[in-house]
Amino acid sequence: MIDPSAPDFWSGLFQVLLVGTGQTLYMVGVSLLITILVGLPLGIVLVGTEAGGLFESPFGSRRLGRVVNRVLEFIVNLGRSVPFIILMVALIPFTRLVVGTFIGPTAAIVPLAVVAIPFFARMVEIAIKEVDTGLIEAAESLGATRWQIVSKVLVPEALSPMILGLSTTVTSIINFSAMVGTVAGGGLGDVAVRYGYQRYSTIHMVAVIIVIFVIVMVLQGLATLLARRFAHKSRPARAEKILPALRESVITGA
Amino acid sequence: MISVQHVSKTFRSGGTVTAALQDVSLEVAEGEIYGVIGQSGAGKSTLIRAVNLLERPDTGTVTVDGDELTALTPADLRRARRKIGMVFQHFNLLQGRTVRGNVELGLEIIGVDGDARRRRALEILDLVGLADKAGAYPAELSGGQKQRVGIARALAGSPKVLLSDEATSALDPETTRSILDLVKKINTDLGLTVLLITHEMDVVKRICDSAALIEGGRIVEQGRIVSLISTAGSRLAHELFPLGAVPSLPGDTVIDITFSGGSADRPVIAQLARTYGLDVSILGAAIETIGGNQAGRTRLALPGSPAGNAAPIRDLRSQGMLVEIVGE
Ligand SMILES: Nc1ncnc2c1ncn2[C@@H]1O[C@H](COP(=O)(O)OP(=O)(O)OP(=O)(O)O)[C@@H](O)[C@H]1O
Ligand SMILES: [Mg+2]
């Protein structure tokens with residue numbers, strides 16, 4: 001039990017929160033970066049290797065395209081259906097292999113990225129599917145390569161819904177980062193458990209909730225702002241149309 | 001400039017099989033505007049998309065400016081496509097790019113560097129009359145302006161051929177005219193060969209030198225318009241000069257006279273009345289300016305049976321007019 005009337009209580013709380021917040025931002029930031037780096041191409045390949053897609057037959061082989069699509073589809077579905085707590089534990093040997101330990105904020109990045117990548121890849125897939133195929137044809141008629149179509153047409157045109165998808169992803173990474181913290185140690189989740197739960201400090205608990213809430217709000221506000229900026233008020237309708245689809249996929253895990 | 005030879009294309013989706021193109025051949029000469037007209041589902045889009053191989057034909061060859069596209073490797077095909085600009089019914093502009101950015105797209109793809117790209121884009125925007133909109137986003141433009149951007153984008157890479165898939169179908173009549181005039185101007189000023197498809201005869205009338213009629217995936221009639229109008233029984237000519245249903249006039253002979261070029265301004269009716277003492281009634285007339293020439297069709301009723309009017313009809317034919325007996 002912590003005594004809130006102790007002279008160093010508030011400075012101690014502040015110190016603990018500062019460290020916890022720093023660790024959370026570190027875990028979330030790095031895993032988000034990895035998520036974008038892997039999830040974006042993964043989402044693009046997922047759409048592209050579908051029948052009639054841009055990478056329907058990579059290296060001239062339709063069969064390869066189909067196989068790639070099936071395998072990735074399976075991995076993404078697997079990643080999205082296994083409960084995080086199980087995934088996290090199951091990944092311990094892998095985390096050890098990559099980071100050297102499974103304890104601490106750095107180790108927590110591994111399961112966070114693993115859970116977020118398929119999640120974000122789906123969002124990318126949904127966003128890219130919304131891009132009018134007429135735009136792809138227009139680029140093809142100008143002699144564009146597949147890579148040029150991806151970089152000049154698909155990604156820029158899907159940017160706004162992708163940013164919204166990213167913001168949903170961040171929120172769930174923050175959510176999972178708290179869970180990871182209780183097992184691997186570190187971050188605001190760890191603070192909440194160690195002080196709020198184990199040592200009955202309601203003030204710590206409330207403080208953690210407030211900090212996480214503020215982080216989520218700031219990030220979502222930022223994402224909405226960016227998404228609107230890239231939608232060029234052209235199709236605010238489009239971003240809004242796709243948002244329910246994203247939400248639904250988040251809820252159903254589809 | 002464009003040669004499509006024996007092209008066929010069949011779509012299979014689910015259980016249905018659609019023969020969208022069946023042994024289609026057409027030749028578009030350098031510098032002409034060639035219109036393909038047909039009803040919805042006739043295969044027009046499939047045909048024009050086959051010309052730049054957005055849709056690869058099952059059989060047949062497509063040659064554009066000497067390159068047999070159907071025989072090229074993917075990389076060579078991409079290079080060949082730079083000579084073929086295309087505009088679309090729904091414009092297909094990138095929403096996230098400004099007007100200038102859209103026009104620069106093709107130049108970026110070719111690898112033109114930043115400064116030259118900007119200059120070229122502004123030059124082309126000036127040509128299509130949109131220089132003041134360079135910084136606007138497509139969402140801020142009217143349909144006609146969007147299509148001008150589409151045309152500018154297609155022209156930026158200096159193609160030799162322009163393909164137009166119903167470029168004016170989403171536009172109102174006045175905007176349609178201004179876009180058609182722009183296409184005509186590009187054709188004249190830049191010497192661009194244009195292949196366009198449409199379901200509106202007005203488009204053909206206004207700017208085309210040649211036309212083809214496509215029905216159920218087959219070309220049923222094609223040729224230069226000036227020769228089509230003097231071809232007996234030409235459906236395109238009948239569409240160009242609609243005279244409506246033939247009235248039933250017992251005791252009279254109803255004839256359609258098609259005249260073009262020199263015969264257009266001759267006093268035909270007065271001559272018939274004077275030479276043969278005929279009481280000619282005019283039932284209908286359609287006059288158009290096609291390729292800068294007056295051409296038209298007049299429907300007349302001559303008293304008496306066709307046999308009785310053999311002499312005046314022979315006389316008209318000898319003057320180079322197309323005379324068809326359509327009713328009696
Ligand atoms: N990708 C496709 N898959 C299956 N069928 C297709 C496909 N594209 C076209 N078709 C079919 O081929 C036929 C010709 O289509 P096409 O689009 O060329 O017609 P169109 O003359 O351009 O018609 P519209 O004036 O309505 O645009 C139609 O019956 C259409 O349903
Ligand atoms: Mg069409």
Side-chain angles (χ1 to χ4, degrees), chain A residues 48 50-62 65 127-164 226-242, chain B residues 13 45 48-49 51-56 72-99 101-111 135-141 146 149-150 153-157 159 161-165:
Chain A
E50 273 184 8
L54 216 46
F55 305 107
E56 181 183 41
S57 36
F59 309 107
S61 161
R62 204 165 184 137
I128 286 184
K129 270 189 184 155
E130 277 294 300
V131 176
D132 185 353
T133 50
L135 299 183
I136 300 175
E137 294 207 334
E140 277 181 337
S141 78
L142 292 165
T145 61
R146 286 183 288 197
W147 166 241
Q148 285 172 325
I149 292 172
V150 169
S151 64
K152 293 182 189 298
V153 177
L154 293 182
V155 172
E157 288 291 300
L159 207 54
S160 168
M162 279 193 320
I163 290 170
L164 292 175
L226 278 175
R228 208 171 283 157
R229 158 89 181 70
F230 286 111
H232 290 293
K233 72 182 164 130
S234 54
R235 296 202 215 165
R238 177 164 143 224
E240 267 140 39
K241 196 173 67 194
I242 197 168
Chain B
S13 61
S45 295
I48 202 157
R49 287 155 49 82
V51 172
N52 61 359
L53 254 55
L54 283 180
E55 203 77 76
R56 189 172 276 278
L72 296 180
T73 62
D76 284 337
L77 174 61
R78 281 196 295 274
R79 215 159 298 128
R81 276 180 178 158
R82 296 171 186 174
K83 290 195 285 186
I84 310 171
M86 190 168 193
V87 291
F88 303 86
Q89 178 174 3
H90 299 294
F91 325 123
N92 296 353
L93 302 177
L94 299 181
Q95 301 294 322
R97 286 189 180 218
T98 60
V99 165
N102 268 285
V103 177
E104 286 187 20
L105 178 65
L107 301 168
E108 281 174 35
I109 287 168
I110 302 173
Y137 285 92
E140 302 158 4
L141 302 180
K146 283 182 194 163
V149 179
R153 176 177 65 186
L155 293 181
V161 168
L162 185 69
L163 305 177
S164 156
D165 185 349

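Computed from heavy atoms alone, side chains included, the values below leave out hydrogens, waters and symmetry copies. Below, chain A is the first sequence line, B the second, and so on; all start at residue 1.
- Heavy atoms of B:I84 lying under 4.5 Å from chain A belong exclusively to its backbone.
- Within the model, atoms OG1 of A:T145 and CD1 of B:I109 stand 7.5 Å from one another, a figure rounded to the nearest 0.5 Å.
- Here B:R56 pairs with nothing under the salt bridge (Lys or Arg N to Asp or Glu O under 4.0 Å) rule; sequence neighbours left out.
- Contact of A:E140 with chain B is made through backbone and side chain together, with heavy-atom distances under 4.5 Å.
- The nearest pair of heavy atoms linking A:A144 to B:R78 is O-CD, 3.2 Å.
- Annotation: the span from B:E108 atom CD to A:S151 atom OG amounts to 8.5 Å, rounded to 0.5 Å.
- Annotation: salt bridge (Lys or Arg N to Asp or Glu O under 4.0 Å) contacts of A:E137 (sequence neighbours excluded): B:R49.
- Listed for the B:N52 side chain is no donor-acceptor partner under 3.5 Å among the backbone atoms of A:S141.
- In this structure, B:N92 CG and A:T133 OG1 are separated by 8.0 Å, a value rounded to the nearest 0.5 Å.
- The CG atom of A:L135 sits 7.5 Å away from the CD atom of B:Q95 when rounded to the nearest 0.5 Å.
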